[in-house]
Amino acid sequence: MKLARVLVSNRALPSSKIGSWTTRMEKFIDNNPDFFLHILSPTRALKSSLYCKKRNFITWRKSFRNIQLLHWVSRDYVRALKKLSKTSDRLIIVVMDDQYLLQSIALIKNKLKCEVELVFSFHGFNLNLEAKVLKSVDKILWLSQLGYQKNNISYKYLPNSIVVGNAVDSQLFYPLSFQDYKTARKKKGYSEDEEILIWMANDRPKKGFNIFRNIVNQLLEHNKEVKIILIGTSQVIDHPNVISIGRIPNNEVAKYLQIGSYYMFTTLYDEGFGLSLIEAYKSGNAVITTNKGAIPEVIAGLDYSYQVEDEYNIDLWLNKLEQAREETKYGKLKITKEKASSVWSYDKWESKFYNAIV
């Protein structure tokens, strides 16, 4: 039987996108070059690549939704899968976190010319799929037990479900030795004794930048020695202690996180995981975060991690930051490299992901 595993992604692989699952998938593909026979994404960079681009909807009128989805939005992917089904006996199609692409493939699944297993690797917390689409899905891969449990209650039916978790590359995100820490800070204009608070996200309102701005404004009124670094956003905070780096490649992100003392994750919505939170933690930062979505599971049992119960209460953020400052001896105490490598390790995730699909 000729089996072909096909990876379906709306993002280019490889990619330099900040805080994205594409980083771990790139490593998986590098480690397992023959696992996916074909990778459908908007690039031709790999030998297994089949160029497919997802397009925007022309109109949101419901009566035209499926026609647009198949013949415009997902057209490249649909055509590629139809062609592949003619030369295979069985396809295992793994859709990476795109519910529109998943829906389009579910619509044509029974029309493909071979046996098909449809797998959805879901990176959010709250599913938003119609029951008829779910019935065409054979398997869902979840980032957290909390996410699976929540949706298992919300939906009358869920396909076979496997919690594979998530991972951050410990070879890229890790605490520096003391000497390397001093050197890295000096290169970026900071002394070894300065406290650095980092915030990193895109410009979407649900990432809570306005809350962080209010936190910083109050913080710097009483703690003028604390320095602030913003990453990934075009927004700024007008204060000499604050610098905004903007969007940078993922390997550059690690270099900034490794000089940090604390990391704030002010997300306002239910996170499927909160990847940047663990990138910051593994790089040696104490983390202060909301408790939305899967976050309580993600940071459960981690030293120097703090949760804010009411994300709109600025005083709670400041109190948790002060607790982190005191417990880390004002940024001097950090987790070890050995400890960091054990937190959401890539090797464990790869094994789970691999075995969930074969």
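Computed from a predicted structure; not experimentally measured. Positions are given from 1, in the same order as the sequence printed here.
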Heavy-atom donor-acceptor pair, [X] side chain to [Y] backbone, under 3.5 Å:
X: Tyr330; Y: Glu195; answer: no
X: Ser342; Y: Lys339; answer: yes
X: Glu297; Y: Ala294; answer: no
X: Asn223; Y: Val226; answer: no
X: Asp138; Y: Leu118; answer: yes
X: Asn152; Y: Leu158; answer: no
X: Asn241; Y: Lys224; answer: yes
X: Tyr306; Y: Leu321; answer: no
X: Tyr312; Y: Ile211; answer: no
X: Ser74; Y: Tyr77; answer: no

(message) As a quick check of understanding, evaluate salt bridge (Lys or Arg N to Asp or Glu O under 4.0 Å) for Asp76 and Arg55, giving each step before the final call.
(response) CA-CA 9 Å; Asp76 292 355; Arg55 298 172 176 83; 3.2 Å; yes

Same hydrophobic cluster for [X] and [Y], using side-chain heavy-atom links shorter than 4.5 Å among ILVMFWY?
X: Leu318; Y: Phe209; result: yes
X: Tyr51; Y: Leu101; result: no
X: Ile67; Y: Tyr100; result: no
X: Tyr174; Y: Ile299; result: no
X: Val358; Y: Ile29; result: yes

(request) Indicate the ring-plane relationship of Phe28 and Trp349, choosing parallel, tilted or perpendicular according to the 30° and 60° boundaries. (result) perpendicular

As an exercise, state the distance from [atom1] of [X] to [atom2] of [Y], rounded to the nearest 0.5 Å.
X: Glu252; Y: Arg247; atom1: CD; atom2: CZ; value: 14.0 Å
X: Arg5; Y: Ile93; atom1: CZ; atom2: CD1; value: 13.5 Å
X: Leu197; Y: Arg325; atom1: CG; atom2: CZ; value: 10.0 Å
X: Asn202; Y: Gln235; atom1: CG; atom2: CD; value: 10.0 Å
X: Asn166; Y: Leu141; atom1: CG; atom2: CG; value: 11.5 Å

Check: [Y] and [X] side chains under 4.5 Å, non-hydrogen atoms:
X: Ile140; Y: Tyr148; value: no
X: Val95; Y: Val137; value: no
X: Leu3; Y: Asp89; value: no
X: Val253; Y: Ile248; value: yes
X: Leu37; Y: Leu84; value: no
X: Gln258; Y: Ser283; value: yes
X: Asn210; Y: Arg213; value: yes
X: Thr22; Y: Met96; value: no

Cation-pi between [X] and [Y]: NZ/CZ under 6.0 Å from ring centre and within 45° of the ring axis?
X: Arg65; Y: Phe57; value: yes
X: Lys282; Y: Phe173; value: no
X: Lys227; Y: Tyr190; value: no

For residues [X] and [Y], report the shortest heavy-atom separation together with the two atoms involved.
X: Phe36; Y: Val6; answer: CD2-C, 3.8 Å
X: Ser170; Y: Ala340; answer: OG-O, 4.2 Å
X: Ser85; Y: Lys113; answer: OG-N, 3.1 Å
X: Phe120; Y: Leu127; answer: CE2-CD2, 4.0 Å
X: Cys52; Y: Ala80; answer: SG-CB, 4.0 Å

(message) Ile259 and side chain to side chain contact (heavy atoms under 4.5 Å, CB included): which single residue from Asn285, Ile229, Thr183 fits?
(response) Ile229

(message) Using the side chain to side chain contact (heavy atoms under 4.5 Å, CB included) definition, which of the options Arg185, Lys186, Gln179 pairs with Lys182?
(response) Gln179

Kindly check if the number of other-residue, nucleotide or ligand heavy atoms within 6.0 Å of [atom1] ([X]) is above 12?
X: Asn355; atom1: CG; result: yes
X: Asp30; atom1: CG; result: yes
X: Glu326; atom1: CD; result: yes
X: Gln171; atom1: CD; result: no
X: Lys82; atom1: NZ; result: no
X: Lys139; atom1: NZ; result: yes

(message) What I want to check is whether the side chains of Gln99 and Asn128 have a donor and an acceptor closer together than 3.5 Å.
(response) no

(request) Run through the side-chain heavy atoms of Ile, Leu, Val, Met, Phe, Trp and Tyr, join any pair under 4.5 Å, and report what else lands in Leu146's cluster. (result) Phe125

Return a table of donor-acceptor pairs under 3.5 angstrom between the side chains of residues 263-273 and protein atoms on other chains or two or more places apart.
unit_1 : atom_1 : unit_2 : atom_2 : d
Tyr263 : OH     : Met200 : O      : 3.1
Tyr263 : OH     : Ser276 : OG     : 2.8
Thr266 : OG1    : Trp199 : NE1    : 2.8
Thr266 : OG1    : Lys207 : O      : 2.8
Thr266 : OG1    : Gly208 : O      : 3.1
Thr267 : OG1    : Glu271 : OE2    : 2.7
Asp270 : OD1    : Gly293 : N      : 3.2
Asp270 : OD2    : Asn126 : ND2    : 3.3
Glu271 : OE2    : Lys207 : NZ     : 3.0

(request) Applying side chain to side chain contact (heavy atoms under 4.5 Å, CB included), name anything that partners Glu130, two or more places apart in sequence or on another chain. (result)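 Expected list: Lys132, Val133.
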
